[in-house]
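Reading through the structure tokens given below for one structure.
Note that the structure is a prediction, hence the values are computed from the model and not measured. Throughout, a chain's letter reflects where its sequence line sits, starting with A, and its residues are numbered from 1.
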Amino acid sequence: MPELPEVETVRRGLAPHLEGARLVAVRQNRPDLRFPFPDDFAARLTGATIQALERRAKYLLARLDTGETLVAHLGMTGRFTIEVDGEGETPGQFHYAAGADPKHTHLVLVTDRGVSVAYNDARRFGYMDLIATARLGEHPYFAGLGPEPLSDAFSTATLVSAFAARKQNVKVSLLDQRIVAGLGNIYVCEALHRARIHPERAAGDVTPAQLKRLTAAIRSVLEEAITAGGSTLRDYRTADGALGYFQHSFKVYGREDDPCAKPRCAGVVRRMVQGGRSTFFCGVCQG
DNA sequence: CCCACGACCTGTGGGC
DNA sequence: TGCCCACAGGTCGTGG
């Protein structure tokens, strides 16, 4: 679920509550998510102060004053929500993760500010780790990641170089986090539609002019989605439990059989499978 | 090297 | 109403 805009929205919602806060208690409700929690996880977090909450690709990074960074990936259904003490659905109690089944609340971080942060993840494809901050960049999670698409490090030249002579189709290539970091199935479909590029085109055959459009389309769709608080299909919520609303702006994702939204395009949105995932596109304007 | 596919896990929505 | 299948925002590993 959560792609870059959703993770960034969660980061922005959590940051005011977590930056500068000290963790006074940590409740860990099971030994693992997708992978085991690291050894002594709760003990290594308890007493730590979060100095900054950052994001790299789809990872949330909490910089701790202990020299370690708490790394969290939300997988498909992971969500972090805040709860102010005493303001839960039941007065005086925590509900932990608005709208989520509490049996999937796997971790609760209690701060010294009267605020707790709960991690809820029904499918448990998410994972967390504690990594020495000084060596974060060398860690396998991060060493191979491509540039942040909203940073100056990402440009048309990034794609020109990464796609040169690449035979893999452009859709699957954009999902490769080593080329550009943070895109997922929704925003790749939407960016390709904005840039009028057929998802089955070999990456190496996309023209420089199309790659320029694609670079701009990736930026614009991500920026607009962040402004909208991300996209909620099912599970995703912002940190305060609200729904995102960028899903109302989808032009192709989940819109099979709808008429193409491009002005003056007579096409119809179609669905196909690439790399085992649904691709939504217009076969007419995405030449 | 490339690609397709299954695995991980649970929930939901559609069709019958 | 109930059951079964397909499918879901992500990644990783295997085997052809």
Side-chain angles (χ1 to χ4, degrees), chain A residues 1-11 29-37 55-60 71-80 97 99-106 119-129 139-146 149 162-191 199-200 202-205 221-222 225-226 228-238 243-250 252-257 271-280:
Chain A
M1 132 331 33
E3 307 181 31
L4 186 156
E6 290 74 37
V7 179
E8 178 61 21
T9 299
V10 170
R11 188 197 70 76
N29 297 328
R30 54 175 300 129
D32 58 0
L33 296 171
R34 175 172 185 175
F35 307 122
F37 283 108
R55 179 191 56 74
R56 172 75 171 109
K58 300 172 190 171
Y59 292 93
L60 273 177
V71 174
H73 193 293
L74 305 184
M76 294 277 267
T77 53
R79 50 208 253 194
F80 277 106
D101 189 331
K103 77 182 179 197
H104 299 304
T105 294
H106 308 306
Y119 180 75
N120 184 289
D121 187 351
R123 294 176 74 180
R124 300 201 304 279
F125 288 171
Y127 46 99
M128 296 190 202
D129 209 342
H139 191 277
Y141 293 156
F142 302 102
L145 283 179
F163 285 178
R166 193 178 177 94
K167 291 176 183 164
Q168 185 179 52
N169 68 62
V170 62
K171 196 286 178 114
V172 172
S173 297
L174 286 173
L175 289 173
D176 187 334
Q177 303 295 299
R178 297 169 299 184
I179 292 177
V180 54
L183 296 176
N185 205 34
I186 291 175
Y187 297 108
V188 166
C189 291
E190 293 296 321
E200 287 181 303
D205 291 343
V221 75
L222 294 177
I226 290 170
S231 303
T232 298
L233 299 189
R234 291 183 181 76
D235 305 283
Y236 166 74
R237 300 295 178 102
T238 69
L243 305 174
Y245 57 90
F246 190 73
Q247 65 278 10
H248 303 302
S249 300
F250 292 169
V252 287
Y253 187 86
R255 309 198 60 146
E256 186 177 16
D257 297 333
R271 185 179 85 90
M272 66 181 165
V273 175
Q274 292 178 286
R277 331 258 331 254
S278 288
T279 298
F280 297 91

Tell me: [atom1] of [X] to [atom2] of [N], nearest whole Å?
X: A:Leu175; N: C:dT11; atom1: CG; atom2: P; result: 9 Å
X: A:Phe250; N: C:dA8; atom1: CZ; atom2: P; result: 13 Å
X: A:Leu183; N: C:dT11; atom1: CG; atom2: C1'; result: 15 Å
X: A:Leu33; N: C:dC12; atom1: CG; atom2: C1'; result: 16 Å
X: A:Gln274; N: B:dC5; atom1: CD; atom2: C1'; result: 15 Å
X: A:Arg166; N: B:dC3; atom1: CZ; atom2: C1'; result: 12 Å
X: A:Glu200; N: B:dA4; atom1: CD; atom2: P; result: 10 Å
X: A:Glu6; N: C:dA8; atom1: CD; atom2: C1'; result: 14 Å

#### Entry: Aromatic contact, A:Tyr141 with A:Tyr127 (centres under 6.0 Å)
yes
### Query
What do you reckon, are the aromatic ring centroids of A:Phe142 and A:Tyr59 less than 6.0 Å apart?
yes
Report yes if at least one side-chain N or O of [X] is closer than 4.0 Å to OP1 or OP2 of [N]; otherwise report no.
X: A:Lys167; N: B:dC2; answer: no
X: A:Lys171; N: B:dC3; answer: no
X: A:Lys103; N: B:dT10; answer: no
X: A:Thr77; N: B:dT10; answer: no
X: A:His104; N: B:dT10; answer: no

### Query
Between the base of B:dT10 and the side chain of A:Arg124, is there any donor-acceptor pair under 3.5 Å?
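Donor-acceptor pair under 3.5 Å: no.
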### Message
I'd like the P distance from B:dG6 over to C:dA6, given in whole Å.
### Response
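My reading of the P atoms in C:dA6 and B:dG6 gives 12 Å.
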### Task
Would you mind classifying the nucleic acid contact of A:Tyr253 as base, sugar-phosphate or nothing, using non-hydrogen atoms under 4.0 angstrom?
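If one applies the 4.0 Å heavy-atom cut-off, A:Tyr253 turns out to touch the sugar-phosphate alone, with no base involved.
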### Query
So what does A:Gly276 touch, heavy atoms closer than 4.0 Å: a base, only the sugar-phosphate, or nothing?
nothing
### Message
Nearest to the A:Arg271 side chain among C:dC7, B:dG11, C:dC12, which nucleotide is it?
### Response
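The answer is C:dC7.
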#### Entry: Selected nucleotide, minimal atom distance to A:Ala122 side chain, candidates B:dC3, B:dG11, C:dA8
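Output: B:dG11.
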### Query
With both distances kept under 3.5 Å, what pairs with B:dC1, Watson-Crick or G-U wobble?
none
### Task
Once you apply the 3.5 Å cut-off to both distances, tell me the Watson-Crick or G-U wobble partner of B:dC9, or none.
none
### Query
Going by heavy atoms in the side chains, are A:Val273 and A:Arg271 under 4.5 Å from each other?
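They are in side-chain contact.
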### Query
Taking for each residue the nucleotide of DNA chain B bearing the nearest heavy atom, is the 5' side occupied by A:Val172 or by A:Arg234?
A:Val172
### Partner of A:Asp235 under side-chain contact (heavy atoms from CB on, under 4.5 Å), chosen from A:Met76, A:Arg123, A:Arg79
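Going through A:Met76, A:Arg123, A:Arg79 one by one, the side-chain contact (heavy atoms from CB on, under 4.5 Å) with A:Asp235 is satisfied by A:Arg79 alone.
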### C:dT11 base stacked by A:Phe125 (centroids within less than 5.5 Å, tilt under 30°)
no
### Query
Do other residues, nucleotides or ligands put more than 12 heavy atoms under 6.0 Å from the CZ atom of A:Arg178?
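For A:Arg178, atom CZ is not crowded (no more than 12 foreign heavy atoms under 6.0 Å).
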### Task
Select from A:Gln177 and A:Arg123 the residue whose nearest nucleotide in DNA chain C is closer to the 5' end of that strand.
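Result of the comparison: A:Arg123.
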### Task
Describe, in one word, how the ring planes of A:Phe250 and A:Tyr187 are oriented to each other, choosing from parallel (under 30°), tilted (30 to 60°) and perpendicular (over 60°).
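Ring orientation, 0 to 90° scale: perpendicular.
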